[in-house]
Trainee: 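After the structure tokens below, expect a handful of questions from me.
Along the sequence shown, residues are numbered consecutively beginning with 1.
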Amino acid sequence: LRPQGRAAQMQSTFVGSVKPFSAQRVSVARPTRVATVIENRVALRFQRFGRKKLPFYRLVAIESKDRRDGRPLEYLGWYDPLKKETNLNAPAIKQWLQNGAQPSDTVKNLLKKAFVIEPDAPKVQVPKVQV
């Protein structure tokens with residue numbers, strides 16, 4: 001017996017090893033995902049306190065992915081920009097820096113002013129001599 005209808009006509013027109021399209025689910029070998037462990041780094045940054053137009057900052061060691069006012073790993077001091085006063089725990093800050101903590105730009109500038117870290121060497125410009 002011969003199959004009837006359109007499918008029979010299509011089968012007869014294909015030559016060799018070419019097969020007509022069939023809607024079957026085919027499992028494809030996918031690459032396995034490798035579990036990558038991304039560890040957060042520790043940042044030294046400010047947490048803002050005070051009220052509107054009267055800021056007060058605490059210097060904290062905190063995970064870099066945590067929000068600004070999140071729970072810190074350690075309190076390292078404070079800074080009052082209105083009175084230009086600071087209170088820093090220099091030994092603890094140096095310990096965090098030795099362990100790889102990255103200070104924010106503002107904190108880095110404050111630590112340089114307080115001589116907790118070495119300030120950048122001043123750039124000396126030598127005047128050009130005209131010939």
Trainee: Could you go through L44 and L97, starting from their C-alpha distance and side-chain angles, then the distance that decides it, and tell me whether this counts as side chain to side chain contact (heavy atoms under 4.5 Å, CB included)?
Mentor: CA-CA 9 Å; L44 300 181; L97 292 171; 3.7 Å; yes
Trainee: Please lay out, stage by stage, how D66 and R71 fare under the test side chain to side chain contact (heavy atoms under 4.5 Å, CB included).
Mentor: CA-CA 8 Å; D66 287 352; R71 187 168 150 241; over 6 Å; no
Trainee: Under a 4.5 Å side-chain heavy-atom rule over Ile, Leu, Val, Met, Phe, Trp and Tyr, are I62 and F49 clustered together?
Mentor: no
Trainee: I need the minimum non-hydrogen distance between V116 and L88, along with the two atoms involved.
Mentor: CG2-CD1, 4.2 Å
Trainee: What heavy-atom pair brings F56 and P81 nearest, and what distance separates the two atoms?
Mentor: CA-CD, 4.5 Å
Trainee: Transitively linked via ILVMFWY side-chain contacts under 4.5 Å: L76 with F46?
Mentor: yes
Trainee: Pairs in or reaching into residues 102-125: which pass side-chain hydrogen bond (donor to acceptor under 3.5 Å, both in side chains), with residues at least two apart or in two chains?
Mentor: K112-D120
Trainee: Between I93 and L111, does a side chain to side chain contact (heavy atoms under 4.5 Å, CB included) hold up when you go through it step by step?
Mentor: CA-CA 9 Å; I93 293 171; L111 295 178; 3.9 Å; yes
Trainee: For residues 42-62, which residue pairs pass the salt bridge (Lys or Arg N to Asp or Glu O under 4.0 Å) check, not counting sequence neighbours?
Mentor: none
Trainee: Which heavy atom of A101 sits nearest a heavy atom of P103, and at what distance?
Mentor: O-CD, 3.6 Å
Trainee: Taking only residues at least two apart or on different chains, which pairs with a member in residues 73-87 satisfy side-chain hydrogen bond (donor to acceptor under 3.5 Å, both in side chains)?
Mentor: E74-W96
